[in-house]
Amino acid sequence: MGEYGTFAERLESVAADLDDVAFDRLREAVADGETTRSSEDRELMKARRAIEKAIQVLRQLDGA
């Protein structure tokens, strides 16, 4: 694995951490009786998608 693959692995760890935070926030919202997604949840998911895109690019660079 090259340098880019290492970066991709680190980003995968960050993405997993974001998933954990988002799930915790969702669980709290349900416990509080919320019925709609919060703006924080939407922003976390945007960040998560951006990280996924970066991982894909880095994996492609690593394979090139």
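Heavy-atom basis, side chains included; hydrogens, waters and symmetry copies ignored. Computed from a predicted structure; not experimentally measured. Quick note: residue numbers are just sequence positions, from 1.
Atoms CG and CD, from Leu61 and Glu3 in turn, are 10.5 Å apart once rounded to the nearest 0.5 Å.
The same ILVMFWY cluster, assembled from side-chain heavy atoms under 4.5 Å apart, contains both Val14 and Phe7. With hydrophobic clusters built from ILVMFWY side chains whose heavy atoms lie under 4.5 angstrom apart, Leu18 does not share a cluster with Leu26.
Residue Arg48 is tested with Asp17, Asp19, Asp20 for a salt bridge (Lys or Arg N to Asp or Glu O under 4.0 Å); the sole match is Asp19.
The residues Arg49 and Glu52 are annotated as not salt-bridged, no charged nitrogen and carboxylate oxygen being separated by less than 4.0 angstrom. Using a cut-off of 4.0 Å between Lys/Arg side-chain N and Asp/Glu carboxylate O, Arg59 and Glu12 are scored as salt-bridged.
With Thr6 contributing its side chain and Gly2 its backbone, the two residues share a donor-acceptor pair below 3.5 Å.
The shortest side-chain heavy-atom distance between Glu40 and Met45 does not fall under the 4.5 Å cut-off. Residues Leu58 and Asp62 have side chains not in contact (no heavy-atom distance under 4.5 Å, counting atoms from C-beta outward).
Within a 6.0 Å sphere centred on CZ of Arg10, heavy atoms belonging to other residues, nucleotides or ligands number 12 at most.
In terms of heavy-atom proximity, Ile55 sits nearest to Leu11 at CG1-CB, 3.6 Å. Between Leu44 and Ala22, the shortest heavy-atom contact is CD1-CA, 4.1 Å. Considering every non-hydrogen atom in both Arg37 and Arg42, the closest pair reads O-NH1, 3.0 Å.
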